[in-house]
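To start, the structure itself, in structure tokens.
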Amino acid sequence: MDKEHWKAGNMIYPVPAVMVSCKRKNEKPNIITVAWCGTCCTNPPMAYVSIRPERYSYEIIKDTKEFVINLTTKDLAFATDFCGVKSGKDINKFEETGLTVQESQHIKAPGILESPVNIECKVREILPLGSHHMFLADVVGVTINKKYLDENNRFDLAKSNIIAYSHGQYFTMGELLGKFGYSVQKKK
């Protein structure tokens, strides 16, 4: 096997491409696209987003201590990219993308109605790490689009055409290879 050594860097790909929404009192809501995002604890439910301090949304989230992680789909790919390259300092991203503000249940930051899953978060801690600061947050509420419930009322996110980000590109998720534990499941 022919391999090559590179300098240290982030090579954990693909990662989720999410839109994070936030809002200060008496200001327009904003959306930032984030790829440094994930789950960090099941009980209590916790998630994180890592954002560069120079980004417009950074100060909003730092001040309000809340945000919504909105999962993205193939249909939302253009808006996802747009919200990552344009600044909310200059434009209203909800208006420019045609996305709909969705009131959250537990926090003041809005979600995005078109997203299949909205994860409401309250910041527990801000960790300055270098180029990015990590917002470690408690998940305080989740809203799902009911059209992704199957006949057994089980949530089937795969039907939404969820997208991921890898090395500057967006991808839809591929074919199902197995489910958790399939490698040790008894054969019939």
Look at atom [atom1] of [X] and say whether more than 12 heavy atoms of other residues, nucleotides or ligands are closer to it than 6.0 Å.
{"X": "E103", "atom1": "CD", "answer": "no"}
{"X": "K62", "atom1": "NZ", "answer": "no"}
{"X": "D2", "atom1": "CG", "answer": "no"}
{"X": "L129", "atom1": "CG", "answer": "yes"}

In this structure, would [X] and [Y] fall into the same cluster of hydrophobic residues linked by side-chain contacts under 4.5 Å?
{"X": "V101", "Y": "I31", "answer": "yes"}
{"X": "V123", "Y": "M134", "answer": "no"}
{"X": "V49", "Y": "I107", "answer": "no"}

Requested in this report: Examine the side chains of Y56 and N30 and answer whether a donor and an acceptor come within less than 3.5 Å of each other.
Outcome: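 There is no such pair between these side chains.
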
Query raised in the report: Is the closest side-chain donor-acceptor distance between T100 and E114 under 3.5 Å?
Result: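 A donor-acceptor contact under 3.5 Å links the two side chains.
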
Atom pair [atom1]/[atom2] of [X] and [Y] - distance to nearest 0.5 Å:
{"X": "R52", "Y": "H132", "atom1": "CZ", "atom2": "NE2", "result": "4.5 Å"}
{"X": "N70", "Y": "I112", "atom1": "CG", "atom2": "CD1", "result": "4.0 Å"}
{"X": "E54", "Y": "S131", "atom1": "CD", "atom2": "OG", "result": "8.5 Å"}
{"X": "N145", "Y": "T73", "atom1": "CG", "atom2": "OG1", "result": "10.0 Å"}
{"X": "Y48", "Y": "C40", "atom1": "OH", "atom2": "SG", "result": "8.0 Å"}
{"X": "E120", "Y": "S104", "atom1": "CD", "atom2": "OG", "result": "4.0 Å"}

Query raised in the report: Under 3.5 Å, is there a donor-acceptor pair between the side chain of T172 and the main chain of K74?
Result: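 Absent.
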
Requested in this report: Apply side chain to side chain contact (heavy atoms under 4.5 Å, CB included) to the pair I126 and Y58, showing each step before the final yes or no.
Outcome: CA-CA 11 Å; I126 302 170; Y58 176 90; 4.3 Å; yes

Requested in this report: Take the angle between the ring planes of W36 and Y13 and call it parallel below 30°, perpendicular above 60°, tilted in between.
Outcome: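 Tilted: the ring planes of W36 and Y13 meet at 30° to 60°.
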
Report task. Examine F171 together with Y165 and report whether their ring centres are nearer than 6.0 Å. Result ->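 That pair fails the under 6.0 Å test.
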
Requested in this report: Apply the side-chain contact (heavy atoms from CB on, under 4.5 Å) test between L149 and each candidate in K147, K146, E151; give the one that qualifies.
Outcome: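 With L149 as partner, side-chain contact (heavy atoms from CB on, under 4.5 Å) holds for just one option, K146.
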
**Report entry** Steps toward side chain to side chain donor-acceptor pair (under 3.5 Å) verdict (D81, T33)
**Finding:** CA-CA 7 Å; D81 185 65; T33 299; over 6 Å; no

Query - S57/V20 under side chain to side chain contact (heavy atoms under 4.5 Å, CB included): CA gap, chis, key distance, verdict - result: CA-CA 9 Å; S57 295; V20 174; over 6 Å; no

Report task. Kindly state each residue pair satisfying salt bridge (Lys or Arg N to Asp or Glu O under 4.0 Å) with at least one member in residues 12-40, sequence neighbours excluded. Result ->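 Non-adjacent pairs meeting salt bridge (Lys or Arg N to Asp or Glu O under 4.0 Å): R24-E27, R24-D63.
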
Report task. Determine whether V117 and F155 make a side-chain contact, defined as any pair of heavy atoms from C-beta on separated by less than 4.5 Å. Result ->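 Yes - at least one pair of side-chain heavy atoms lies under 4.5 Å apart.
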
